[in-house]
Amino acid sequence: MLKGLARGVKDGALALSLKAYVNDKLSAYGEIVDVTIDTAVNRLTARAMLKGERDPVTVTVERYEIESEGEERFIKLKTFTSSRSWLTQLLNKLLADKRYKIPTAVSKLL
């Protein structure tokens with residue numbers, strides 16, 4: 001029970017950090033409304049209000065991998081789904097299987 005509670009707290013802290021980071025980097029395109037992360041199954045979902053859209057868009061990274069190199073950590077996003085078919089195809093074509101450095105403040109939570 002405590003292990004699950006601790007993972008939930010960690011997942012929530014990671015989600016808040018990711019939301020702040022993405023909103024800072026991609027604010028020209030819209031705003032992340034909320035993020036959920038499930039580290040037990042390496043899955044994350046974000047809901048965003050994109051500029052020019054009337055309804056929120058949901059994007060799920062169905063699977064991700066965390067890799068370490070020395071003190072640095074990277075995330076490799078494996079498979080995407082979304083509430084927009086065209087967006088699912090675009091994300092899988094452009095971002096799937098690429099590595100991204102995890103900011104130090106976030107990597108400390110892992």
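No hydrogens, no waters, no symmetry mates; every other heavy atom, side chains included, goes into these values. Quick caveat: nothing in here was measured; it's all calculated off a predicted structure.
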Open item on the list: Check this for me: Tyr29, atom OH, are more than 12 non-hydrogen atoms of other residues, nucleotides or ligands nearer than 6.0 Å?
Closed with: no

Open item on the list: Do the side chains of Glu67 and Arg73 get close enough for a salt bridge, i.e. N-O under 4.0 angstrom?
Closed with: no

Open item on the list: Determine whether Glu62 and Arg43 satisfy the following criterion, side chain to side chain contact (heavy atoms under 4.5 Å, CB included), listing intermediate values before the conclusion.
Closed with: CA-CA 5 Å; Glu62 297 291 346; Arg43 184 174 195 231; 3.0 Å; yes

TODO: Please round to the nearest 0.5 Å and tell me the distance separating atom CG of Asp11 and atom CD1 of Ile37.
DONE: 6.5 Å

Open item on the list: Determine whether a donor-acceptor pair (N or O, by modelled atom type, separation under 3.5 Å) exists between the side chain of Asn42 and the backbone of Tyr64.
Closed with: yes

Open item on the list: Just verifying a value: how many Å separate Lys76 NZ and Glu65 CD, rounded to the nearest 0.5 Å?
Closed with: 6.0 Å

Task: Rounded distance (nearest 0.5 Å) linking atom CG of Asp38 with atom CG of Leu44 - done: 10.0 Å

Open item on the list: Using the side chain to side chain donor-acceptor pair (under 3.5 Å) definition, which of the options Thr58, Thr81, Asp34, Thr60 pairs with Thr45?
Closed with: Thr60

Task: Qualifying residues under side-chain hydrogen bond (donor to acceptor under 3.5 Å, both in side chains), relative to Thr88, sequence neighbours excluded - done: Ser82

Task: Transitive ILVMFWY side-chain link Val61 to Val41, under 4.5 Å - done: no

Task: Heavy-atom pair of closest approach, residues Ile102 and Ile66 - done: CD1-CD1, 3.8 Å

Open item on the list: I'd like to check Lys78 versus Asp97 (side-chain heavy atoms, cut-off strictly below 4.5 Å). Are they in contact?
Closed with: yes

Open item on the list: If hydrophobic clusters are built by linking Ile, Leu, Val, Met, Phe, Trp and Tyr wherever their side-chain heavy atoms come under 4.5 Å apart, do Leu26 and Val59 end up in the same one?
Closed with: yes

Open item on the list: On a heavy-atom basis, which atom in Thr104 and which in Lys101 lie closest, and how many Å separate them?
Closed with: OG1-NZ, 4.2 Å

Task: Pairing residues for Arg84 by the salt bridge (charged side-chain N to carboxylate O under 4.0 Å, His left out) criterion, not counting sequence neighbours - done: Glu53

Task: Atom of Pro56, atom of Ser83 and distance for their closest heavy-atom approach - done: O-OG, 4.4 Å

Open item on the list: I want to check something: taking the side chain as every heavy atom from C-beta on, are Phe80 and Leu87 in contact at a cut-off of under 4.5 Å?
Closed with: no

Listing, residues 12-25 side-chain donor-acceptor contacts under 3.5 Å, not counting sequence neighbours, or none:
unit_1 : atom_1 : unit_2 : atom_2 : d
Ser17  : OG     : Ala13  : O      : 3.1
Lys19  : NZ     : Val33  : O      : 3.0
Asn23  : OD1    : Ile32  : N      : 2.6
Asn23  : ND2    : Lys19  : O      : 3.4
Asn23  : ND2    : Ile32  : O      : 3.3

- [ ] Indicate yes or no: does Arg99 engage Glu69 in a salt bridge with an N to O separation below 4.0 Å.
- [x] yes

- [ ] Identify the two heavy atoms, one from Leu77 and one from Tyr100, that lie closest to each other, and give their separation to 0.1 Å.
- [x] CD1-CE1, 4.0 Å

